[in-house]
Amino acid sequence: MKRQDIALFLLSFVLTILMWLAVGEPTRNKVFNVPLTIETRDGIAAVYPPAVVSVDVTGSQASMDRLREQDLRAFANVTGYGEGNVNARIMVQGPKDLDLTYTPRDAIKRISLEKEVRATFAVEFRQPGPEGLTAGTVPPKVLVRGPESVVAQVARAVVGYDLNKEAEGQETRWKVELLDRESKPVTALVVEPDTVEIDANLLSLGPRSLVVAPSLFGQPAKGFKYAGTTIKPPVLKAQVPPELASTLASLSTESVHIENASADVTVKVKVILPEGVRLFSPNEVEVTVKVVPDPAAPPPTPPAAKPQGKRG
């Protein structure tokens, strides 16, 4: 290569580096949906929506790669206003160590401000359980606060725990949901606390399915034998105290007498309930004890013949 060509190559390379430094790294743009916080003065609450704003983020690719959506904060400060409607300016903040600019697509939002009210609701179960089931949560009540018109829509505070299922396999902590009179969700309110625990002591680990075991008294008549028992219903659902949950699997009945029976015996008897156990149905079952001839039994002894008197 000639010396003149080498000089031109070096000059071209230097010019390329200088142009790259002058232009810099190309910028990138991305849109983020950021939750909107509305700062109000005491006793005033904002009626949502808007709950989310779209933010254009512009900057270098390196900074963009480091940015997380949760790093962005969008807010409107309306602490200088009382009840009514106000045009609020949306502000966006992000990490200061990144080479980025943040621009809300809607710089102004129309915000409705109302008096903030509070109301207390007992926590209920979304689906009703079997009749007579005692259940509850810890704490049993929650505080709801927010705009007066929105709080007025709330009819119930509920959790999704299913009282018709066994306690095992279900979560013990549940998020509280607010429902209106038509069981539609009511959102954008503050719930304190927003999660509750299922009270196992009140729930009593019920309903439990317990097998009915009849108590038989006596023996069939000679030449007959016991051939099985049927119970209607064979299983009862009951509310069981925690101290019995691991040991109680069946319920006994009052005595069913089959003494000297030579045919099936069908009776209605009550179930014996341990202390603290409650049934979700009437305390009575129908027990049928099947009694059949016993082919292995010895034949009955014929009665002795009566002696005949002497003829005169």
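Note: hydrogens, waters and symmetry copies are ignored here, and every other heavy atom, side chains too, is used.
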Are the side chains of V144 and V190 in contact, using a 4.5 Å heavy-atom criterion? no
Applying side-chain hydrogen bond (donor to acceptor under 3.5 Å, both in side chains), which residue pairs with at least one partner in residues 74-91 are found, sequence neighbours left out? E39-N77, N77-T79, N85-S112, N87-R110
Between T253 (side chain only) and S215 (backbone N and O only), is there a donor and an acceptor less than 3.5 Å apart? yes
Taking atom CD of E284 and atom CD of E254, what is their separation to the nearest 0.5 Å? 9.0 Å
Give the minimum heavy-atom separation between L236 and S281, together with the two atoms involved. CD2-OG, 3.7 Å
Considering all heavy atoms of both residues, which atom of L72 and which atom of G94 are nearest to each other, and what is their separation? CD2-CA, 4.0 Å
Side-chain donor/acceptor of D106 to backbone N/O of K109, under 3.5 Å: no
Say whether I111 and I44 are linked into one hydrophobic cluster, either directly or through other cluster members, by side-chain heavy-atom distances under 4.5 angstrom. yes
How far apart are the C-alpha atoms of Q239 and F280, what are their side-chain angles, what is the distance that settles it, and do they pass the side-chain contact (heavy atoms from CB on, under 4.5 Å) test? CA-CA 8 Å; Q239 182 178 359; F280 299 129; 3.7 Å; yes
ILVMFWY network linking L178 to V158, side-chain heavy atoms under 4.5 angstrom: no
What closest approach, in Å, do L248 and L210 show between heavy atoms, and which atom pair accounts for it? O-CD2, 3.7 Å
Test item: Q170 side-chain N/O and D162 main-chain N/O as donor-acceptor pair under 3.5 Å: yes
Short side-chain donor-acceptor distance under 3.5 Å, K175 and T195: no
Side chain proximity check, K290 to T229, heavy atoms < 4.5 angstrom: no
ILVMFWY network linking V159 to V138, side-chain heavy atoms under 4.5 angstrom: no
Counting only pairs under 3.5 Å, give me each side-chain donor-acceptor contact of residues 256-277, with atom names and distances, residues two or more places apart or in other chains.
{"unit_1": "E259", "atom_1": "OE1", "unit_2": "Q219", "atom_2": "N", "d": "3.1"}
{"unit_1": "D264", "atom_1": "OD1", "unit_2": "V291", "atom_2": "N", "d": "2.9"}
{"unit_1": "T266", "atom_1": "OG1", "unit_2": "T288", "atom_2": "OG1", "d": "3.1"}

Residue set satisfying salt bridge (Lys or Arg N to Asp or Glu O under 4.0 Å) with D56, at least two apart, ordered chain then number -> R105
Test your reading of the model: is there a side-chain donor-acceptor pair from D294 to the backbone of A296, 3.5 Å cut-off? yes
Minimum side-chain heavy-atom gap I198-W174 below 4.5 Å: yes
Starting from the C-alpha separation in whole Å, work towards a yes-or-no answer on side-chain contact (heavy atoms from CB on, under 4.5 Å) for T40 and L113. CA-CA 9 Å; T40 63; L113 301 176; 4.1 Å; yes
Side-chain donor-acceptor pair present, T137, D199, cut-off under 3.5 Å: no
Spacing of R28 atom CZ and L67 atom CG [to the nearest 0.5 Å]: 15.0 Å
Could you measure the distance from the CG atom of D97 to the OG atom of S63? Nearest 0.5 Å is fine. 8.0 Å
Looking at residues at least two apart in the chain, or sitting in another chain, which of them share a side-chain hydrogen bond (donor to acceptor under 3.5 Å, both in side chains) with T58? N29
Tightest non-hydrogen contact, residues P193 and V142, listed as O-CG1, 3.4 Å
Smallest heavy-atom separation, R41 atom then G82 atom, equals NH2-CA, 3.6 Å
If you apply the rule side-chain contact (heavy atoms from CB on, under 4.5 Å), what do you find for I108 with I90, and how did you get there? CA-CA 6 Å; I108 303 294; I90 307 301; over 6 Å; no
Please determine whether a side-chain nitrogen of the Lys or Arg among E182 and K184 lies less than 4.0 Å from a carboxylate oxygen of the Asp or Glu. yes
Within the side chain of D71, is there an N or O that forms a donor-acceptor pair under 3.5 Å with the backbone of R68? yes
Linking I/L/V/M/F/W/Y whenever their side-chain heavy atoms sit closer than 4.5 Å, directly or via other members, would V176 and L189 fall into one cluster? yes
Compare all side-chain heavy atoms of V285 with those of P233 and state whether any distance is below 4.5 angstrom. yes
Would E114 and S149 satisfy side chain to side chain donor-acceptor pair (under 3.5 Å), going step by step from the backbone distance to the final call? CA-CA 8 Å; E114 290 183 3; S149 64; 2.8 Å; yes
Heavy-atom check, side chain of M64 versus side chain of V57, under 4.5 Å: yes
Reported CG-to-OG1 distance for the pair L98 and T101, which is rounded to 0.5 angstrom: 11.5 Å
Could you walk me through whether K30 and F32 pass side-chain contact (heavy atoms from CB on, under 4.5 Å), step by step? CA-CA 7 Å; K30 187 175 180 180; F32 291 84; 3.7 Å; yes
With ILVMFWY side chains joined below 4.5 Å, transitively, what does M91's cluster contain besides itself? F75
Could you state whether L179 and V186 fall into the same hydrophobic cluster, counting links through intermediate Ile, Leu, Val, Met, Phe, Trp or Tyr residues with side-chain heavy atoms under 4.5 angstrom apart? no
Determine the minimum heavy-atom distance between V235 and S209, stating which atoms define it. CG1-CB, 3.9 Å
List the atom pairs, with distances to 0.1 Å, where a side-chain N or O of residues 116-127 and a protein N or O form a donor-acceptor pair under 3.5 Å, not counting sequence neighbours.
{"unit_1": "E116", "atom_1": "OE2", "unit_2": "R145", "atom_2": "NH1", "d": "3.4"}
{"unit_1": "E124", "atom_1": "OE1", "unit_2": "R156", "atom_2": "NE", "d": "2.9"}
{"unit_1": "E124", "atom_1": "OE1", "unit_2": "R156", "atom_2": "NH2", "d": "3.4"}
{"unit_1": "R126", "atom_1": "NH2", "unit_2": "E177", "atom_2": "OE1", "d": "2.7"}
{"unit_1": "R126", "atom_1": "NH2", "unit_2": "E177", "atom_2": "OE2", "d": "2.7"}

